[in-house]
Amino acid sequence: MTPENIFSKDWYKILDASPSSNLQELKQQYQKMILLTCIHLVSLTMSKGSPQTHLTLLITYSINSPLYHPDKQSPDVPSGEAEQRVQRFIEVDQAWKILGNEETKKAYDLQRHAAELKQSWPVDACISVEDMTWDNDLQSYVFECRCGGEYHLYNDEIEENDTVICCNTCSLSIEVQQNT
């Protein structure tokens with residue numbers, strides 16, 4: 001999955017979880033979503049002392065559930081519905097791959113947070129990068145705020161399409177748009 005695709009969906013919603021869920025809770029949600037309609041053999045090894053007890057459980061779930069494991073579909077399921085079920089199964093698996101990995105989860109959470117801030121942050125003005133001046137000492141683009149402070153746009157922020165930056169002295173913010 002490409003990095004752009006990681007941020008294209010609400011992976012927490014797909015797993016029916018919340019961003020505050022810990023890794024164990026996310027794993028439980030993933031397992032629940034994947035196994036909703038599977039008939040699946042689960043092998044558990046329980047050790048109490050030296051001899052190990054081997055236990056096999058048969059877990060069955062309702063066939064009318066919205067999810068359906070691709071390998072367990074009956075032939076009487078319409079092809080369009082079967083395709084939707086397979087896509088849903090793949091989405092759940094992708095959600096776990098992103099949220100189950102500490103590194104990708106952190107990147108995804110930071111991107112979600114930035115998007116939330118951008119949506120709710122009041123923007124005083126929209127400017128382009130060309131309206132800003134380059135400061136060699138600070139290694140950033142600078143734009144003067146009406147309060148006398150400055151807006152700074154650093155190199156790592158330039159690659160984003162549109163960036164909201166705050167004044168260094170007041171609560172005003174501007175949106176810097178990239179000219180393509």
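No experiment lies behind these values; they were computed from the predicted model shown.
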What distance do Ser21 atom OG and Gln28 atom CD have between them, rounded to the nearest 0.5 Å?
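So the OG of Ser21 and the CD of Gln28 are separated by 10.0 Å.
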Sidechain-backbone polar pair: Gln29 side chain, Asp16 backbone, donor-acceptor under 3.5 Å
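Yes: the side chain of Gln29 pairs with the backbone of Asp16.
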Non-hydrogen side-chain atoms of [X] and [Y] separated by less than 4.5 Å:
X: Met33; Y: Phe89; result: no
X: Val164; Y: Ile174; result: no
X: Asn101; Y: Lys106; result: no
X: Leu153; Y: Phe143; result: no
X: Gln139; Y: Trp134; result: yes
X: Pro19; Y: Arg112; result: yes

Can you name the nearest heavy-atom pair linking [X] to [Y], along with the distance?
X: Ala95; Y: Leu15; value: CB-CG, 3.7 Å
X: Tyr12; Y: Lys105; value: OH-NZ, 3.2 Å
X: Gly149; Y: Cys167; value: CA-SG, 3.9 Å
X: Cys147; Y: Thr169; value: SG-OG1, 3.1 Å
X: Tyr151; Y: Cys166; value: CD2-C, 3.5 Å
X: Asp10; Y: Tyr108; value: CA-OH, 3.3 Å

Is there a path from Ile165 to Leu138 through hydrophobic residues (I, L, V, M, F, W, Y) whose side chains come within less than 4.5 Å of each other?
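They do not share one cluster, since no chain of ILVMFWY contacts under 4.5 Å joins Ile165 to Leu138.
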Is there a path from Leu23 to Ile34 through hydrophobic residues (I, L, V, M, F, W, Y) whose side chains come within less than 4.5 Å of each other?
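Yes.
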Please step through side chain to side chain contact (heavy atoms under 4.5 Å, CB included) for the pair Gln94 and Ile14, ending with a clear verdict.
CA-CA 9 Å; Gln94 288 175 338; Ile14 290 170; over 6 Å; no
With sequence neighbours left out, write down each residue that passes salt bridge (Lys or Arg N to Asp or Glu O under 4.0 Å) with Asp135, or none if nothing qualifies.
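Asp135 satisfies salt bridge (Lys or Arg N to Asp or Glu O under 4.0 Å) with no other residue.
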Would you say Asp131 and Tyr141 are linked by a side-chain donor-acceptor pair, where the criterion is simply a distance under 3.5 Å?
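There is no such pair between these side chains.
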